[in-house]
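Order of appearance sets the numbers: ligands from 1, and atoms from 1 within every ligand. Numbering of residues begins at 1 and proceeds along the displayed sequence.
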Amino acid sequence: MLPKGKIVKVVRIRMPKLMRSAMHKPPGNDMPSQNLETAFNVAVEQYDALGVDVQAALKQLGEVQISVHCWQGDDVSGFEGDDTTLGNGLAVTGNYPGRARNVSELRSDLEVAYSLIPGKHRLNLHALYGEFPAPVDRDGIGVEHFQGWIDWAAEQEISLDFNPSFFSHRLAADGFTLAHCDHAIRQFWIEHGRATRDIAAAMGRAQGNPCINNFWVPDGYKDTPACRQAPRERLAQSLDEIFVKEVSAGATKDAVECKLFGIGSESYVVGSHEFYLGYAISRNKTLCLDAGHFHPTEVISDKISATLMFVPELLLHVSRGVRWDSDHVVTFNDELQAIMQEVVRGNYLNRVHIGLDFFDASINRVAAWAIGTRNTLKALLAALLEPTAQLQQLEKAGDLTGRLALMEEQKTMPLGSVWNYYCATSDVPVGLEWLEKVRQYEKSVTSLRSDDPAIA
Ligand code: RNT
Ligand code: ZN
């Protein structure tokens, strides 16, 4: 408390020289590398005092490959060449110019995005994204339509993941695919699912590690169903028919993704959480948890340790729902941090595949990839820099006060200094420098694209 009536002298704090000069520079962290290193060394000391080995954390971070989703680049349009609009509950809003209109534009955009993200990461392709010189329906796709991607991935030294596409198609227009009551329609989609497994296995063999093939099936009803049971029986039956063929787990792994509701399936989704949890456990499948696919106050961070007791592996669709499953770009929010903390605290990095699933067409799409992926990695780094052993020890000893105090203290640890150093040593832009690169690319490439795919 200041003594009453006393004149308080206003002390002007002089800003250190480094900060003053940094303020006159354009946005972006262009601190001389020596300062970056000094900041890093100070951070290392601070983490060291907590018993955290920063170098070990960075090494672990460098080994994690995020599965970057191709569909942020073109608003989930794909390259089938027809004019089927996005459907089955998927919605992309915004009309930011520069959407990738063909395979080569998407690859070029991805290459720019990858150059802004530290580490080596995977590419998650949907079946819609093949190269189809002649029209081919979904039940007829083959590895030949993805050979270009396989070759490109090898050149880029990245691995691929895959997804059957059970949406945006005339045979999905009434909201049902694998659970359809019409046998012929069901059969069509079963053939599609089977084809994607062969393609995924070929990708896995080519890259020497399993290609995760994720099944998300939108089937459901807008209004209250009279029978919830039969479609679920049909979905399980169709999936069983797709999965009947043995594939080498070294080449591909099947994942299944649940959903609570979608636009047009508000009242009932056949593939609910309980359905797929049961399915994955009973069929030994990878379970996919999408951060936007549960009740708004329900979080997937809490489901990681619970489900991993009973399923072999998880695929995460890291996403950000705003009021609904809106697939906003992933920000560095509490749930993102909690997800990564759970993955690290449980020692699950070898059983959890981290994939992204957001699509925003209201901002620059390459920037969306950079923001979402960098945030995901930053949150993972934060989790790796946590003094987990100490926290768990306090908890075990019943010192919940100490646990909360130490957790809160983490929030102002110098994560940014470690992250900047990691970016610099990974040869990717430090701080906001990446935005300048996106702006340059936008000026010279994406802004010149027309909205009309015919004028490529
Ligand atoms: C839809 C699911 C699904 C899709 C992608 C395109 O709600 O999240 O994963 O977003 O497969
Ligand atoms: Zn998803």
Side-chain angles (χ1 to χ4, degrees), residues 66-80 84-93 100 106 122-130 138 160-169 172 175 177-178 189 192-193 196 199-200 211-220 254-266 268-273 275-276 280 285-296 298-300 303 314-330 335-336 339 352-361 365 368-369 372 376:
I66 306 290
S67 192
V68 178
H69 56 315
C70 73
W71 53 91
Q72 166 58 62
D74 76 331
D75 314 340
V76 211
S77 306
F79 305 126
E80 289 180 316
T84 315
T85 46
L86 188 60
N88 299 94
L90 296 179
V92 184
T93 46
L106 186 61
R122 304 171 71 90
L123 176 67
N124 194 7
L125 282 173
H126 243 286
L128 307 168
Y129 288 79
R138 302 250 178 104
L160 299 171
D161 292 315
F162 203 49
N163 302 257
S165 311
F166 297 104
F167 52 83
S168 310
H169 189 277
T177 62
L178 288 178
W189 289 111
H192 175 60
T196 64
I199 296 165
C211 165
I212 310 298
N213 194 24
N214 181 50
F215 286 71
W216 168 65
V217 180
D219 299 19
D254 310 299
V256 287
E257 179 180 6
C258 75
K259 190 164 174 168
L260 173 68
F261 84 96
I263 295 181
S265 61
E266 288 86 351
Y268 169 70
V269 170
V270 184
S272 60
H273 180 48
F275 175 92
Y276 277 125
K285 297 292 178 196
T286 297
L287 184 71
C288 173
L289 297 175
D290 182 308
H293 285 195
F294 295 88
H295 281 278
E298 210 178 338
V299 282
I300 65 166
K303 300 180 188 301
L314 288 181
L315 166 64
L316 302 182
H317 270 191
V318 179
S319 190
R320 178 170 58 105
V322 175
R323 305 193 187 281
W324 68 290
D325 178 31
S326 58
D327 290 294
H328 277 67
V329 176
V330 167
E335 174 57 2
L336 179 68
I339 291 170
V352 175
H353 307 272
I354 305 171
L356 305 175
D357 188 7
F358 51 79
F359 25 100
D360 190 339
R365 294 170 185 79
W369 266 320
T376 303

Novice: Is there a nitrogen or oxygen of Lys259 sitting under 3.5 Å from a nitrogen or oxygen of ligand 1?
Specialist: yes
Novice: For ligand 1, does Asp327 get within less than 4.0 Å through its side chain, its backbone, both, or neither, judged by non-hydrogen atoms?
Specialist: neither
Novice: What N/O/S atom of Asp357 gets nearest to the Zn ion (ligand 2)?
Specialist: OD2
Novice: Measure centre to centre between the rings of His293 and Tyr276, then say whether the value is under 6.0 Å.
Specialist: no
Novice: Under 3.5 Å between some N or O of ligand 1 and some N or O of Trp216?
Specialist: no
Novice: Is the shortest heavy-atom distance from the side chain of Asp357 to the side chain of Glu257 under 4.5 Å?
Specialist: yes
Novice: Using the benzene-type ring in the case of Trp, are the ring centres of His169 and Trp189 under 6.0 Å apart?
Specialist: yes
Novice: Please find the N/O/S atom of Asp290 nearest to the Zn ion (ligand 2) and write down its name.
Specialist: OD2
Novice: Could you tell me which atoms of ligand 1, counted from 1 in the order shown, lie closer than 4.0 angstrom to a heavy atom of His293?
Specialist: 1 (C), 2 (C), 7 (O), 8 (O)
Novice: Any idea which atoms of ligand 1 are less than 4.0 Å away from a heavy-atom of His126?
Specialist: 5 (C), 6 (C), 11 (O)
Novice: Walk me through it: do Asp161 and Asn214 pass the test side chain to side chain donor-acceptor pair (under 3.5 Å)?
Specialist: CA-CA 8 Å; Asp161 292 315; Asn214 181 50; over 6 Å; no
Novice: Starting from atom 9 (O) of ligand 1, which protein heavy atom do you reach first, and at what distance in Å?
Specialist: Glu257 OE1, 2.8 Å
Novice: Do Lys303 and Phe294 meet the cation-pi criteria used here (NZ or CZ under 6.0 Å from the six-membered ring centre, within 45° of the axis)?
Specialist: yes
Novice: Using the rule ring pair (Phe, Tyr, Trp, His ring centres under 6.0 Å), only one of Tyr129, Trp216, Phe358 pairs with His69; which is it?
Specialist: Phe358
Novice: Examine Glu257 and say whether one of its N/O/S atoms is closer to the Zn ion (ligand 2) than 2.8 Å.
Specialist: yes
Novice: Could you list which atoms of ligand 1 come closer than 4.0 Å to a heavy atom of Asp325?
Specialist: 7 (O)
Novice: Atoms of ligand 1 less than 4.0 Å from Asp290 heavy atoms?
Specialist: 8 (O)
Novice: Is any side-chain N of the basic residue among Arg138 and Glu80 closer than 4.0 Å to the acidic one's carboxylate O?
Specialist: yes
Novice: May I ask you to check whether His317 brings an N, O or S atom to under 2.8 Å from the Zn ion (ligand 2)?
Specialist: yes
Novice: Tell me the protein heavy atom at minimum distance from atom 8 (O) of ligand 1, and give that distance in Å.
Specialist: Asp357 OD2, 2.7 Å
Novice: Measuring only between side-chain heavy atoms, which start at C-beta, is Ile300 closer than 4.5 Å to Ile339?
Specialist: yes
Novice: With heavy-atom distances below 4.5 Å as the criterion, would you say the side chains of Trp369 and Leu356 are in contact?
Specialist: no
Novice: If the cut-off is 4.0 Å to any non-hydrogen atom of His317, which atoms of ligand 1 fall inside it?
Specialist: 9 (O)
